Asker: 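Here it is, the structure in full.
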2 protein chains.
Amino acid sequence: MNLRGLRYFLAVAKEKHFGRAAEKCFVSQPSLSTQIKNLELELGVQLLERSNKKVMLTEIGEEIAVSTQRILSEIDTIKELAENSNDAFSRKFKLGAFPTLAAYILPSIVTKIQKELPKLNLILLEEKTEILLQKLRSGEIDAALLAMPVNESQFQHDILFNDEFYLAVPETHKLSHRKKIDIAELDDEKLMLLEDGHCFREQALDLCQREGIGVEDEFRATSLETLRLMVKSGTGITIIPNIARHQNETGITYIPFDKICPYRTIAMVWRKSSSKKKVIRHVSKLTKKLVE
Amino acid sequence: MNLRGLRYFLAVAKEKHFGRAAEKCFVSQPSLSTQIKNLELELGVQLLERSNKKVMLTEIGEEIAVSTQRILSEIDTIKELAENSNDAFSRKFKLGAFPTLAAYILPSIVTKIQKELPKLNLILLEEKTEILLQKLRSGEIDAALLAMPVNESQFQHDILFNDEFYLAVPETHKLSHRKKIDIAELDDEKLMLLEDGHCFREQALDLCQREGIGVEDEFRATSLETLRLMVKSGTGITIIPNIARHQNETGITYIPFDKICPYRTIAMVWRKSSSKKKVIRHVSKLTKKLVE
DNA sequence: ATTGATCATAGTTAAAAACTATTGATATCA
DNA sequence: TGATATCAATAGTTTTTAACTATGATCAAT
């Protein structure tokens, strides 16, 4: 079956006149007649009673006209959906971020977006990187804030900023007075790290192994906040990314690294095939401004 | 917009795979791809996210897929309606009859049809001929039992039977002993007739004028039953069609005409363009049998 | 690097639907 | 009653649409 035929049929059903119906459909009367004849032929039913005096709907024609009206209305609905959807900035936008970033950056992103893109329906998700990648692949989220590198050719990314690492020591620690520190100096220290699955654990662990720094292997924190509290309580030392530092915090000292400064690179990541690239780029831009 | 494109789109929405969707639609993959591309182009929206790894619906694609499903279901509804309607014998059949016939023939027609065509949804209408013709023209009824002639070229008819006229006189009337009567003998009688608008009045009036019979002009009965009662009560004489006679009735005598027997011809009448000719012919046949 | 899977594109053929002109059947009017 | 007008159907042709095959591009897996 064919929408054209249905449209023509409904026009005749309304006009009760082939010529006028054809006019309304912007086609010639024979074209319209033929389409309707074919429709009747295909359905095996007579929809219209014709005479040169008047055109009438058969009983079954009436019923089919009602269905046809429903179909054409639904077509209009689709067109409206399409039109309204063109403004992706007034639709859902699902953004993920991994835990050691999420808590520190999402609040300000939300505030910024509410101000700049008030119609955007922002939906946030805090998960570890692996989960985010999987949800990104499956289309459950539109984009994610991730630490580089992300090596999947189906994704594209936009680097937002570098998040420098700081050495976090208790105020009582022997290094706490230092303004800067060289990684090489940590030879005989042992760092506390996060539990498995956190990308920040992997990054810190890589660093330790590369630089020959020890790791406090008995202990694995479930979050950066736990880690911070452990440092404050004098249990040990660790590395904290810049974004997670607090201003004017007592009991803990953040020491920047000298010479080689380790950092993580945060980027917005999305599917190449995504239909929301415009929104994604815009949110990326806003996020960049936030951390300037 | 085009049903084909919608069908293909929904297939991909279900299969999440162009190749398999194309198979299900019995077309080549490029044909299907092109149709979907055109649909997206026309709507100005991306419905699907494609990569060579997987196919995903966009948010708006999901919404439009729901509408599309509704449309295709409604198409199925139309096909079902058409299929089921093909048996016109299980649908409505609206039959009209004029008053001086209806009361005497419709009851037995109903009984016969209930027995022979039990699925037929018979709807009856008793109206004067003019009203019936108008409703027949407008399609409000499918057929009518009418007295001939009916001269409208848009109609067809099937003659059912001739309904002979009888002279009805009170038992006390001077003619009541007669077995037969010649119309010419009624020169000095005055007949009571029905009110205006009844075709039977017209027929009787024609007869009176043709044969020089008088008409009781003060009195116009609203129905044949009134007329019959008037005769019984001895008020006057009249003509009654055969079908309206009662068996073994007291107080009234029906005398058949000799030589020239006046009668009315009853036929089934319908629009040439009617889609129910089969049912109509069948009902005609049943009605003929009834009066045999 | 090669292979295999998947969707897009190009070019061509086949099918569908449009158009104009005309016919046929009725209805209206002189 | 015959001429004219109306209206849908039909015929024949052109245009448009959609199918097909073959090939290209991309990317994951081997």
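What you are looking at is a predicted structure, and each value in this text was computed from that prediction instead of being measured. Throughout, protein chains are lettered first and strands after them, A, B, ... in sequence-line order, and every chain is numbered starting at 1.
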Asker: Have a look at B:S31 and say if it touches a base, only the backbone sugar-phosphate, or nothing, with a 4.0 Å heavy-atom cut-off.
Answerer: base
Asker: Starting at the 5' end of DNA chain C, which residue's closest nucleotide do you reach first, B:K16 or A:F26?
Answerer: B:K16
Asker: Any side-chain N or O of B:N38 below 4.0 angstrom from OP1/OP2 of D:dT17?
Answerer: no
Asker: Near B:K128 NZ, under 6.0 Å, is it more than 12 heavy atoms from other residues, nucleotides or ligands?
Answerer: yes
Asker: Can you measure A:L32 atom CG to D:dT10 atom C1' for me and round it to whole angstrom units?
Answerer: 15 Å
Asker: How long is the line joining CG of A:N2 and C1' of D:dT17, in whole Å?
Answerer: 11 Å
Asker: Considering only side-chain heavy atoms of B:Q35, which listed nucleotide, D:dA18, C:dA18, D:dA28, is closest?
Answerer: D:dA18
Asker: Whole angstroms only, please: what is the NZ-C1' distance between A:K54 and D:dC7?
Answerer: 15 Å
Asker: Measure from NZ or CZ of B:R50 to the centre of the six-membered ring of B:F18, then state whether that distance is under 6.0 Å and the direction lies within 45° of the axis.
Answerer: no
Asker: For the NZ atom on B:K24, are there more than 12 heavy atoms of other groups (residues, nucleotides or ligands in this structure) within a distance under 6.0 Å?
Answerer: no
Asker: Do other residues, nucleotides or ligands put more than 12 heavy atoms under 6.0 Å from B:Y263 OH?
Answerer: no
Asker: Between B:S28 and D:dC20, is there a contact of a side-chain N or O with OP1 or OP2 at under 4.0 Å?
Answerer: yes
Asker: Could you list the protein-to-nucleotides 8-11 of chain C atom pairs, N/O on both sides, closer than 3.5 Å?
Answerer:
| residue | atom | partner | partner atom | Å |
| --- | --- | --- | --- | --- |
| C:dA8 | OP1 | B:R50 | NE | 2.3 |
| C:dA8 | OP2 | B:S33 | OG | 3.0 |
| C:dA8 | N7 | B:Q29 | NE2 | 3.0 |
| C:dA8 | N6 | B:Q29 | OE1 | 3.4 |

Asker: Between A:Q46 (CD) and D:dA9 (C1'), how many Å, whole number?
Answerer: 14 Å
Asker: Between the side chain of A:E42 and the main-chain N/O of A:M1, is any donor-acceptor distance below 3.5 Å?
Answerer: yes
Asker: Which nucleotide wins on minimum distance to the side chain of B:H17, given the candidates C:dT6, D:dA18, C:dC19?
Answerer: C:dT6
Asker: Quick one: A:F155 CZ to D:dC27 C1', roughly how many Å, whole number?
Answerer: 14 Å
Asker: Could you tell me the separation between the CG atom of A:L3 and the P atom of D:dA18, rounded to a whole number of Å?
Answerer: 11 Å
Asker: For the side chain of B:V27, counting heavy atoms from C-beta on, which of C:dA18, D:dA18, D:dC20 is nearest?
Answerer: D:dC20
Asker: Any side-chain N or O of A:R4 below 4.0 angstrom from OP1/OP2 of C:dA16?
Answerer: no
Asker: Got a sec: does the CZ of B:F161 have more than 12 other heavy atoms crowding it under 6.0 Å?
Answerer: yes
Asker: I'd like to know whether NZ of B:K278 has more than 12 heavy-atom contacts from other residues, nucleotides or ligands below 6.0 angstrom.
Answerer: no
Asker: Measure from CZ on B:F9 to P on C:dC7 and round the result to the nearest Å.
Answerer: 15 Å
Asker: Would you mind telling me which of D:dA8, D:dT21, D:dA28 lies closest to the side-chain atoms of A:V55?
Answerer: D:dA8
Asker: Give a yes/no answer on whether the side chain of B:K272 brings an N or O atom under 4.0 Å of OP1 or OP2 in C:dT26.
Answerer: yes
Asker: OP1 or OP2 of D:dA19 versus the side-chain N and O atoms of B:Y8: is any pair under 4.0 Å?
Answerer: yes
Asker: Separation of A:E152 atom CD from D:dA29 atom C1', in whole Å?
Answerer: 14 Å
Asker: Relative to A:F155, does A:R271 satisfy both conditions: NZ or CZ under 6.0 angstrom from the six-membered ring centre, and within 45 degrees of the ring's axis?
Answerer: no
